[in-house]
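If you're wondering where the values come from, they're calculated on a predicted model, not measured in any experiment. Every heavy atom of this structure was used, including side-chain atoms; hydrogens, water molecules and symmetry mates were not. Each residue takes its place number in the sequence, starting with 1.
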Amino acid sequence: MNTVAVAASKRYDIRIGSSLLSTLGESVKALGKVQKVCIVSESTVFPLYGAAAEASLREAGLEISTFVFPAGEASKNGTTFLELLNALAQAKLGRQDILVALGGGVVGDLAGFAAACYLRGIRFVQVPTTLLAAVDSSVGGKTAIDLPAGKNLAGAFCQPSLVLCDTDTLNTLPEDVFRDGCAEVIKYAVLYDPQLFEQLENDGMDFDREAVITRCVELKRDVVMEDEFDTGARMKLNLGHTFGHGVEARSQFTLSHGKSVAIGLALVTRACAANGICSAETSKRIVDLLAAFGLPVTIGYSPDEILQYALSDKKRSGNSVNLILPRSIGDCAIAPTPVDQLKSMIEAGL
């Protein structure tokens, strides 16, 4: 097991290793002053790991309630959010009690936002069960739900009290879902770590999961500790996301987040090469690695379609959008880009 300590507005540990789900009860109990726990999960994950989570919590003498919603991004909305708040109230959770997010990014986002709002804030524990959640969304305290106008437009910064990443849960992931997480792993390598990038080129999808997850978590930990509230350096974590979110929203969320980010990363990288911001070789390495992991690197949408949905992205500030532009592997720049230049960037990237 590896442990990564985060010292943000709240100090907490991220534990990464095998068989950690069985330690959930004692780990939650050790947080102190907790009597009731609500497990928040979704319809795919809970049948796989709900019983083990409940058993561990019961052994620790905790009172348990559950809230399980239909799997998928479509559930990350205001209706499900209010249903969850009502479920917490009906279970009579107090401010000292804890919410456990058991699942992927949708579960963590929804549960974390509920924890931030219920009784003006209660504690929550992340138990990510997807690679994407393990390396990205479970770390750093960003929580949100989607609005009809766009993705993640209502949310709060709410750091968890603990993250338990049991790598065994990744064994039940469909290969396609595992690939989604690989898009975020590649993103971290492009942003910060040429050695990790080379490792991914050499190992492909057979990489050492515990080691690679730990490295990605360390990288994100460092960024969160420098810029917890996303006003500076943390913006770089949006590499591939502005155009990726546009693609994802244009698909009506039928295209997964990971695949959308892969397309967005390939698009912005090709645009950088076309504009002399990075070399053709850098662009080729990034696009080739995404393709080697079975991720899409293009999409049949028009520049106007992608632009329409990208402009609803929350990273827009007035008449500009902060794009993250790769200059080389491990070196990316934050570039405030006028809205009227975005279409030409998309055209160059497609």
Side-chain angles (χ1 to χ4, degrees), residues 4 6 8 10 12-16 20-21 24 27-28 31 37-46 48-50 53 66-78 80-81 83-85 87-88 98-118 121-146 151-167 169-170 173 177-178 180-181 183-185 213 216-217 220-221 224 228 230 234 237 241 248 253 256-258 261:
V4 178
V6 180
K10 175 187 288 185
Y12 60 95
D13 286 342
I14 302 164
R15 300 173 191 161
I16 303 148
L20 290 182
L21 189 57
L24 176 62
S27 298
V28 169
L31 295 174
V37 174
C38 180
I39 301 172
V40 180
S41 191
E42 44 96 317
S43 56
T44 299
V45 172
F46 192 77
L48 294 171
Y49 300 111
T66 60
F67 180 85
V68 181
F69 60 88
E73 183 77 25
S75 290
K76 204 176 85 174
N77 57 39
T80 311
F81 173 69
E83 289 173 351
L84 173 52
L85 292 180
L88 298 176
I98 288 177
L99 189 156
V100 169
L102 177 66
V106 170
V107 172
D109 279 2
L110 179 69
F113 188 31
C117 295
Y118 179 68
I122 65 171
R123 295 173 294 173
F124 80 111
V125 171
Q126 290 269 23
V127 185
T129 61
T130 66
L131 178 61
L132 193 153
V135 299
D136 192 66
S137 60
S138 69
V139 180
K142 278 189 176 181
T143 72
I145 58 173
D146 302 334
K151 184 179 172 70
N152 294 335
L153 292 183
F157 288 95
C158 182
Q159 298 291 345
S161 295
L162 175 70
V163 180
L164 285 181
C165 176
D166 187 336
T167 54
T169 64
L170 304 182
L173 284 181
V177 177
F178 187 80
D180 282 352
E184 292 285 353
V185 172
I213 291 170
C216 290
V217 167
K220 184 163 189 179
R221 180 270 314 273
V224 169
E228 180 173 355
D230 203 10
R234 189 169 180 175
L237 298 179
H241 282 61
E248 188 177 10
F253 300 106
S256 69
H257 178 70
V261 167

Which atom pairs, one a donor and one an acceptor, fall under 3.5 Å between side chains of residues 124-134 and the rest of the protein, sequence neighbours left out?
residue: Thr130; atom: OG1; partner: Ala133; partner atom: N; Å: 3.1

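Taking 4.5 Å as the limit, every side-chain heavy atom of Phe69 sits out of range of all side-chain heavy atoms of Leu84.
Side-chain atoms of Ser43 come within 3.5 Å of backbone N or O of Ala71 as a donor-acceptor pair. Checked by atom type and distance alone, the side chain of Arg123 never pairs as donor or acceptor with a backbone atom of Ile98 at under 3.5 Å. At least one donor-acceptor pair closer than 3.5 Å links the side chain of Tyr49 to the backbone N or O of Thr169. Arg221 contributes no side-chain N or O that, together with a main-chain N or O of Gly140, makes up a donor-acceptor pair within less than 3.5 Å. Under the 3.5 Å distance criterion, the side-chain polar atoms of Lys151 are left unmatched by any main-chain donor or acceptor of Asp146.
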* Evaluate the side chain to side chain contact (heavy atoms under 4.5 Å, CB included) criterion for residues Val100 and Val40: first the C-alpha distance (whole Å), next the side-chain angles of each, then the deciding distance (0.1 Å), finally the verdict. => CA-CA 6 Å; Val100 169; Val40 180; over 6 Å; no
* To do: Go through the steps for Phe81 and Cys117 under the test side chain to side chain contact (heavy atoms under 4.5 Å, CB included), then give the verdict.
  => CA-CA 10 Å; Phe81 173 69; Cys117 295; 3.9 Å; yes
Worksheet entry | Ser27/Leu164 under side chain to side chain contact (heavy atoms under 4.5 Å, CB included): CA gap, chis, key distance, verdict | CA-CA 9 Å; Ser27 298; Leu164 285 181; 4.2 Å; yes
Exercise. Evaluate side chain to side chain contact (heavy atoms under 4.5 Å, CB included) for Phe113 paired with Cys158, printing each intermediate quantity in order.
Key: CA-CA 7 Å; Phe113 188 31; Cys158 182; over 6 Å; no
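A donor and an acceptor atom, one from each side chain of Glu248 and His257, are located under 3.5 Å apart.
The nearest pair of heavy atoms linking Leu99 to Ala111 is CD2-CB, 3.3 Å. Nearest heavy-atom pair across Gln159 and Lys10 is O-NZ, 3.4 Å. Among all heavy-atom pairs drawn from Ala156 and Thr143, the shortest one is O-OG1, 2.7 Å.
Applying the salt bridge (Lys or Arg N to Asp or Glu O under 4.0 Å) criterion to Glu42, with sequence neighbours excluded, gives no partner residue. Under the side chain to side chain contact (heavy atoms under 4.5 Å, CB included) criterion, Ala144 pairs with Asn152, not counting sequence neighbours. Partners of Ala53 according to the side chain to side chain contact (heavy atoms under 4.5 Å, CB included) rule, which considers only residues two or more places apart in sequence or in another chain, are Leu21, Leu24, Ile39, Leu102. Under the side chain to side chain contact (heavy atoms under 4.5 Å, CB included) criterion, Ala74 pairs with no residue at all, not counting sequence neighbours.
The salt bridge (charged side-chain N to carboxylate O under 4.0 Å, His left out) pairs that include a residue from residues 102-115 are Lys76-Asp109, where partners are two or more places apart or lie in different chains.
Here OG of Ser75 is found 12.0 Å from CZ of Phe253. Values are rounded to the nearest 0.5 Å. To the nearest 0.5 Å, atom OG of residue Ser256 and atom CG of residue Asp180 are 3.0 Å apart. Atom OH of Tyr12 sits about 10.0 Å away from atom CG of Leu162, to the nearest 0.5 Å.
For the pairing with Cys216, the side chain to side chain contact (heavy atoms under 4.5 Å, CB included) check across Val4, Asp136, Val135, Ile16 returns one residue only, Val135.
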